[in-house]
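The structure appears right after this line, and notes come after that.
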Amino acid sequence: MSRIGVFICHCGENIGATVDCERVARACAGIPGVVHSVDYKYMCSDPGQNMIKDAIRDHNLTGVVVGACSPRMHEPTFRRACEEAGLNPFLCEMANIREHCSWVHEKSEVTTEKAIDLVRVIVEKVRRNKPLFPIKVPVTKTALVLGGGIAGIQAALDIANAGHKVIMVERSPSIGGHMSQLSETFPTLDCSQCILTPRMVEVARHPNITLHTYSEIESLDGFIGNFKVKIRKKARSVDEKLCTGCGLCTQKCPTKKIPSEFDAGLGMRSAIYVPFPQAVPNKPVIDRLHCTFFLKGKCRLCEKVCPTQAIRFDQEDTIVEADIGAVVLATGFDIKHADFFPEYGYGAYKDVIDGLQFERLASASGPTLGEIRRPSDGRKPETVVFIACAGSRDPAKGIEYCSKICCMYTAKHAMLYRHKVHGGKAYIFYMDIRAGGKMYEEFVRRAIEEDGVRYVRGRVSRVYEREGKLIVQGADTLLGAQPVEIEADMVVLATAAVANDGAEELAQKMHVSYDAYKFFAEAHPKLKPVETNTAGIFLAGACQAPKDIPESVAQASGAAAKVSALFSQDELTREPVIAVVNRCAPPLYSTCVGCFLCQAACPYQAIEKEEIRARDGNLIKTVAKVNPGLCQGCGTCVAVCRTKAIDLQGFSNEQVFAEVMALLNRSEANAGI
Amino acid sequence: MPEFEPRIVAFVCNWCTYAGADLTGTSRIKYSPNVEVIRFPCTGRIDFMLLLKAFAEGADGIIVSGCHPNDCHYTSGNFHARRRWILFRGLLDFMGIDVRRVQFSWVSAAEGAKWADVVNTTVEAVRKLGPYDNYRQIARSGGV
Amino acid sequence: MKLGFYPGCSLEGSAREYAESVIAVAGEAGVDLEQVPDWNCCGATAAHNMNRNLSLALPARILAKAEAAGMKEIVVPCAACYNRLSVTRHELLENESLRREISATIEYDLRCDAEILNVLQMLDRHVMPAIGDKIRVPFARRVACYYGCLLVRPHKILKFDRLEDPQSMDAIIRKIGGDPLDWAFKTECCGAGLSVSATPLVGKLSGRILDDASIRGAEAVIVACPMCHSNLDMRRPHCDKAMKKHYTMPVLYITQAIGLALGIDPKTLGLHRHMVPVKFEKHPADAASARPAPPDAVKEV
Amino acid sequence: MEELRKRAGNLLESGQVRVVIGYGEGTGKRVRAVFIQDAGQADCLIFDERCRQNLALYLTRHEVKKLGKPAIVASLPALRAILQLAGECQIAENDIVVLGIGEDGSMLDLPDFAAIEKHVASTVREPDPAEKAQFDLVLAMSLEERWKYWQEQLSRCFKCYACRQACPMCYCSRCTVECNQPQWIPVPSHDLGNLEWHVMRAMHLAGRCVDCGDCSRACPLDIPLYLLNRFLIMDIESRFNQRAGTTAALDYALSTFHPDDKDDFIR
Amino acid sequence: MEMETRLLKKEALAGLIEKINAAGRKIYAPVRVGDRDEFRPVDSASRIDLGCIQTTQSAKEVLFPRVERILSFSRRDGAMETADPDLSILPEVVLFGLHPCDAAAIGSLRAIFTWDTQDAFFTARLERLAVIGLSCAEADEYCFCTSVGLGPGATDGSDILLTRLASGDFLAEILTEKGRELAALSPGLFLSPPAGADKSSALAVVEASFTREQVRDRAKAGFDEDALWDGQALRCLGCGACAYVCPTCACFDIQDEGTTNRGVRLRCWDSCGFAAFTLHTSGHNPREEQGPRWRQRIMHKFSYMPERQNVFGCVGCGRCSRACPVDMNIKEHLIALLEARS
């Protein structure tokens, strides 16, 4: 007969305010099989947990039900407490009487009645729990870091320095990400290349890191500790071993008029190119869409000049397979482009540019070698208007969130402009300045007070070109909403930070959930920011949400720490919530009739065929068998199986059946003795 | 005569709708208390027999909710569930069982407000339909 | 081809020439415009700050009359009427209880299935395809197409053209041989109803519009709304006073421009009714960097 | 019939098969399944329009398997059942010899599953007009009427399980009806027990039933069970374009899916 | 109690039914349903199908319902209480038009239900039952009552046995006390019998193929002839149709339904034809295949019951053969059994 202990938590006032906890405890005492039923102010506190441990020992309990918050919150806490008291942790379950009851209903008889129901349902479930023991699964101690921006670089270095193998995959020809495109970085204005390139070199030379640039993920299968990844190394048309990176080919290449992605379209590059001088690996790539050889079969000039004959026009994409234990997603972000702002004339007027393009103008390795010049006629602009929140915080444009970093880099841009063009006038139209980081506010004050940047609080309604000038129409809400009209030579839009295109397909390929804006979804906004709902896959950087460099690096180190923790043991213990095919005495041996309709339903291909043979070796029947390493416990096979031969540990047919019966049959216990 | 309070059981998946319902809680959005939730790892795990059991045991309405297509933590559990519900709902309707009392929905972990709305609209709809006497009558004939 | 036609008060009053040109051009394309029987005032912008149900009932009654007469498409040249009828139709279709309430008020169970077309939609759908080859005198003028506000807002309901940078009128002008100017004041406010209560303000607002058009060398301003026409044309003295300049550009309705291109004589097009005489002088098209015409199909958020 | 008897005799004499499952004369005008084990008895094999029972059901019975490799006289429904059983790994190609008989009574040469698939694909299934009329009648009923109709029909059932035992696709060694941990289906044949049994039976045959009609014919109380199966067959065919008994490969509606299966009821 | 013979005019039948109805007795009789006959409650003679050879289901449901609540339990503040159903409210029932084989079947049922413990439910219903039998004027190839010691005019089990004469009137033999009570309800309708009324000429002719004693001895001797039983049972599906339509099959299963707090105990029909009938919890099944189960059906009716309750368990009504989906004809199989020398 089961000896179940029920522990009802007040959670301070969170539950106690609307649910009569004493009555719930009293009511549950009446349930057959419950031998101990108490309530306490904070069950998850140490005294609370000790109450449980003592009760387990004193009443030698065979099951524990904690009526408190969501199991997604404290199930591990209480299960660990039970384990320490010698009770199998899977005999402890939680009834969610906080998020699903006390917080969402008024204080009333009905609410307490519902709380009792919810606890009673879980008591019936625990009564039918079986002790389960974690599954031991080997862990491949190699991490896959997806994305070569500063977040990816930091994560890769931390994991590699912890002594584990890392495979980094970067989509573009070189690592570095958006940070490599920046001129200086706030709030210290130190040169982005100077602090980034040493790290990039460190990645390239790190013995534990295998770098695949100009490559993408083909597929990812398996599960935590046992992923199998297929990486598609796109054909560079250059043999990386032979190429010394001398750059002769890029100079001699006749097709020079291709807008450079690295320079955000302001500068030009050749068909065979290295994105930027400090590129790692410093090996060129042939852009097959523009290269004359691939278009018309002629030229081959780069092949002729190459001192080490490293050009391979016939190179094919290759698929690299690897066993992976954990994945860090650090694929970064993008900014909103093109004709998203007709009212600002963006994409129509050459002198209306976005933040990244201004960075390239300000960057010493940029198309204008660091001088701020107008893309239209190359003249130095005397008046530049910066427009913050271009697209962000604008429900009409479908982007409601704040992109977090634009206030800071817009202040930086204005400061850089003032430094580079002394007589220039800089205006910034803003709504609110978000400068919450360390030394951030001081940086913005410096821009205003020392560099004379004029901040105008108001939104710009229209930018139009007239007689060579860009007329910026806005309002100044601090001066009584006066309409303001500025004749500017150049306008810089701080456009919204959005997810990369292709982020959705990548998330689906990695079985990771994502939000409405296609940013990857963290497991818990506050408590698990670097994990995803998929065990073994972690997040770092702006792919999770717009964030600046310090936060990306911090998150990357966090993700790396998680990976190192995972790799710290040889075997990974996995939750034993997996499916099992029943076995019984001969002559039946199992109710499974070997129809294998379940096999097609299993997303993890975890169901195999097993032949049951008699002692003399002849085949009696072929039945299904679940591979405990692959099964993730979704239970689809259990619902597809006609003969109920396969059952899910922790959510067995008997348990869920009993839960339905208990929920709908209110007993005297509810009547409240 | 006090207003009829329907009893509704909700079968939800742990990763999306249950988490969505948690979010409804953390955002303190009030909704009617007539619905009680049973947690499953995935909608793929919900056996169609459980819906029949729920009606047999006196439920007036049923909610089945899980992850949006392509969001399933197990990649395809909700797709299998959708196909199962398309067929099962058709069969129940063909046999005269009132499928207006069964509300299927996708609620993600970020849609706390939607969960409250699904609950409230289902409770109101079932309240309008009244207690499920037809089914309760044959359940009583079961000798209980 | 028979279409419903709702002139509204201004097309029978101060904008008679708009009605005449619409009917003339439609006639050329074989389109017979049949007035909505016993139509009433659409409530314009005044009704809805008096009483919401009134602002819905007035247009609803018009729709009811049209529906009773079996009209499937109703042409509404005046932008204000077009706006009121479309918004009302949208509200009633979205909200069943409101539809029943308003149907009760006007004593007609309104189904709202008739479609509301503004003049540009009517031209696109029924006129331009029919008169492609009938252009006798190409309207070879550099013009500024002015859309005003009510033709494109509220965008979520009207879903007509692009909100910030509309292109439909420009496209029509190109088709009849004109050279539509690329300029930024397409949807800037002309002062609308303030024409009576704050005429100097209208002078300033409309003046700025005319000023920008003239700097870019526009020979005329093309409009599709009687309110815009009256502010840009009738209030021209106020504009001149506010901007301290004298603008001679005529203001034409789109249908008048098409009429001219089709060779219809100016009198039937009602050109003689304008305050600013309809004469075209060649302005030196200065070297303002003409903005390349953005692609038609670009869909705006 | 002559050719059938000749081929059966040869198969038995040559030892290719140990038993021929076919039809023989029964009581009065009735026909019954016969299990011919020596060539001499081959003459009592018959085939005419009375022979409608789906003999494929005996292929999964261990009493019959015990007799050794069988040949089976297979009309069209039996052929569909054989393909579906193959798809569910219950019979392999060389386990049986198929004596296929076309609708016109002529012998078919069906050496392997592929040939059976081709033949089944070439036939068109015309439902019996009376059954089609009854189906449309129920479909046209209101919800309340359908409930009353099915309560009337199902309340007569006394759970003799002839519908289950007569069905070639119900070969489970322990049917879920006999599972009492938990007791999914109430055992007594009261209204609730009957309704839940027939819903489960229909759902367990969804995407598997080959529409041979044996369940309705076997029911001693003439309850129109084919209506439930046919509804699901048509629903699956129209929504997912899948038909049971058309391929020897696995193509089960409930364990496959298409990302954009259409539904009009999920919020 | 000596037997009286009276005459019941065919017009008087309606009156008799009315009288019985008026006396508050519930009458069941064969009624045409679609293309079959079933026992249904009737309140007027017109609905009775006198020409019915045999109903699909037997009338045993009146004495032994397919589902019967034998007790209910509920938990009141901790303690479990049980309550027996109130048998006093059972109605008085009259089975009209029961053929002699079905009437005799009641004897077999009584033998089982009162063998060692008196089954309260069965006996309560039996006390309230009166049977007005109807001799068989017609039989079909499935009937074999004469082979099991009965006949188209047998009187066992009936309180009154009507035999329809050529004139359409009924010869009524009042056989028991209950029969006399029924007749006393409407004395005017029972007239003195016409002279020379010969009952046997109005009866159907059913040749006997064997005697039940032959089958009893042959079956007992043939218990181990597996090949014989297996051969006969190869095509048997293992369903329960034969058991559930049979007037003498009385096997039942007990099921508890409800929750830990309240519920009921139900008795419902079961059949030895099912595979799970003899399945042990250990997984072992003494009767693993259909052959032994078929043998059990024959042995129980023709060997075990005569031995234990000296009454035969088969009355030759032929329902099991008619209902069987795969034409397992019991008469034909018994003949085959006798012909196959052990």
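Here is the naming used below: chain letters follow the sequence lines, and residue numbers restart at 1 for every chain. Just so it is clear, the model here is predicted, and its values are computed rather than measured.
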Item to check | Residues, nucleotides or ligands: over 12 heavy atoms within 6.0 Å of Lys26(E) NZ | outcome: no
Item to check | Residue pairs fulfilling salt bridge (charged side-chain N to carboxylate O under 4.0 Å, His left out) with at least one residue in residues 271-293 of chain E, sequence neighbours excluded | outcome: Lys66(D)-Glu289(E)
Item to check | Neighbour count >12 (heavy atoms, 6.0 Å) for atom CZ, Arg128(E) | outcome: yes
Checklist entry - In terms of heavy-atom contacts, does NZ of Lys220(E) have more than 12 from other residues, nucleotides or ligands at under 6.0 Å? => result no
Checklist entry - Does atom CZ of Arg613(A) have more than 12 heavy-atom neighbours from other groups under 6.0 Å away? => result yes
Item to check | Heavy-atom contacts under 4.5 Å, residues 581-594 of chain A to chain E | outcome: Ala585(A), Pro586(A), Pro587(A)
Checklist entry - How long is the span from the OG1 atom in Thr259(E) to the CZ atom in Arg666(A), to the nearest 0.5 Å? => result 14.0 Å
